[in-house]
Colleague: 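One structure follows; several queries about it will come next.
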Amino acid sequence: MTSSGAGVPQNAAVLALVGATGAVGTVMIDIMNTRSSVPWGEIRLIASPRSAGKKISVRGQELTVIALSPEAFDGVDIAMFDVPDEVSAEWAPIAAERGAIAIDNSGAFRMDPDVPLVVPEVNADQIDNRPRGIISNPNCTTLSMMASLGALHREFELKELVVASYQAASGGGQAAIDRLYAEIAALAGKEVGVVAGDVRAALDAAGLPVSESPFPAPLALNVVPWAGSLKDEGWTSEELKVRNEARKILGIPDLKVSATCVRVPVVTTHSLAVHATFAREVTVEAAHKIFESQPTVVLVDDPAAKRFPTPADMVGEDPTYVGRVRQALDFPNTLDFFVCGDNLRKGAALNTYEVAEELAKRL
């Protein structure tokens, strides 16, 4: 089951991937196959018992998936978790008890004060601050703007943040993706007008009532200003994640944040319209230079040529893309800009793997 070979140091770290056969785990394996900066001593694939025995090619080696168990973590240095919250909540502490450092991609530990919430471009120093032996990966919506926003914060000191997100269906899992495709197929070729209820009626006729959807309203030919579950005072869980996680990652516990999270008929790649106010004067020219200096940010901003990032162009890309950078007309020291990031790559698997790479350098 090892992936070690010629040129791999004998003390190279052993890496485990928990959830190797899931949606994010599959993206993680693709990332592992295309990035070779860390010579892992061994790569161990772990999944539920029903997936045990499956063969998966990783870095030119055919590896056998093993069942999740306490013993699966013996000898592991770093364990990446791409599993649901409840699985991480149970098994990440077990991995830590067996001597592994767990990097968790779920929401189970994000706001735990003893678990750092890490984006390497922003707060890599927090990797060493892990009293529970666990490091957490942010929500994909928050993460999509962190590389660009963190870079601006270092230079101008962020004070206030207003965000509108335009979140892809894939953020809701495979069932949400399947639902969007089914709605598109049901409405294709139909004369659906602007009269209220037309879309719902067409979906009802196709056997796709909204009552059976993961979305509270039709998503095809529509946008839905709702993502997550209902929390206090009308806020959703996704909107509160943006607020609370941004504060923790940037190290600004009193940062003023307001977010509106919207689900849009896009399969993959989240987008955000960011309105950021800083303590010091900021200009579009200065922001451009900062974005261009970031290795994981790509600036696409040519208003005259109508060049800016869109989700359809960013699928499968590792960086986050920034455009529509403007100085707010009526708000001093404030920039408005648009960000796109593949929520299944940088928003989930890639950031987890980058934390693992950074951690391996420190072991």
Side-chain angles (χ1 to χ4, degrees), residues 19 21-27 48 50-51 82-86 106-107 139-142 144 163-242 259-273 306 308-317 338-345 347-349:
T21 59
V24 179
T26 300
V27 175
S48 64
R50 68 177 178 272
S51 296
D82 287 325
V83 293
D85 291 13
E86 61 273 14
S106 82
N139 172 268
C140 53
T141 309
T142 309
S144 295
V163 179
S165 72
Y166 307 92
Q167 297 178 215
S170 56
Q174 189 60 49
I177 297 173
D178 293 342
R179 175 70 190 201
L180 176 58
Y181 279 134
E183 289 187 0
I184 291 171
L187 298 176
K190 292 201 169 28
E191 294 185 4
V192 179
V194 296
V195 179
D198 272 7
V199 173
R200 289 177 185 264
L203 293 179
D204 286 344
L208 294 169
V210 170
S211 61
E212 298 177 5
S213 171
F215 309 111
L219 189 59
L221 303 182
N222 201 19
V223 296
V224 182
W226 189 270
S229 57
L230 177 63
K231 298 299 180 182
D232 291 342
E233 298 181 357
W235 296 97
T236 71
S237 56
E238 285 283 309
E239 291 159 351
L240 296 182
K241 285 175 187 177
V242 171
T260 299
C261 291
V262 182
R263 195 72 72 180
V264 295
V266 168
V267 176
T268 304
T269 296
H270 288 349
S271 304
L272 299 97
K306 294 185 175 60
F308 37 75
T310 70
D313 298 319
M314 306 299 114
V315 178
E317 294 288 319
F338 193 73
V339 184
C340 289
D342 186 322
N343 55 299
L344 297 182
R345 288 188 73 85

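Numbers here are sequence positions counted from 1. Just so you know, these numbers use all the heavy atoms, side chains as well, and skip hydrogens, waters and symmetry mates.
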Colleague: Is there a donor-acceptor pair closer than 3.5 Å between any side-chain N or O of Thr236 and the backbone N or O of Ala227?
Modeller: yes
Colleague: Kindly determine whether Val262 and Val224 satisfy side-chain contact (heavy atoms from CB on, under 4.5 Å), including the steps that lead there.
Modeller: CA-CA 6 Å; Val262 182; Val224 182; 5.7 Å; no
Colleague: Please round to the nearest 0.5 Å and tell me the distance separating atom CD of Gln167 and atom CG of Leu272.
Modeller: 7.5 Å
Colleague: Taking Asp342 for the side chain and Gly316 for the main chain, is one N or O donor matched with an acceptor at less than 3.5 Å?
Modeller: yes
Colleague: Run through Leu221, Ile184, Asn222, Val223 and flag the one making a side chain to side chain contact (heavy atoms under 4.5 Å, CB included) with Pro265.
Modeller: Val223
Colleague: How about Asn343 and Thr269: does a side-chain donor come under 3.5 Å of a side-chain acceptor?
Modeller: no
Colleague: Any sub-3.5 Å donor-acceptor pair from Ser237's side-chain atoms to Ser229's backbone N or O?
Modeller: yes
Colleague: Shortest non-hydrogen contact from Cys340 to Pro311?
Modeller: SG-N, 3.9 Å
Colleague: Heavy atoms only: give me the nearest Arg263-Trp226 pair and the separation to one decimal.
Modeller: CB-O, 4.0 Å
Colleague: Show the nearest heavy-atom pair for residues Val27 and Leu344, with the distance to one decimal.
Modeller: CG1-O, 3.3 Å
Colleague: Just verifying a value: how many Å separate Thr141 OG1 and Tyr166 OH, rounded to the nearest 0.5 Å?
Modeller: 13.0 Å
Colleague: Specify the closest pair of heavy atoms between Ala259 and Trp235, including all atoms of both residues, with the distance to one decimal.
Modeller: O-CZ3, 3.2 Å
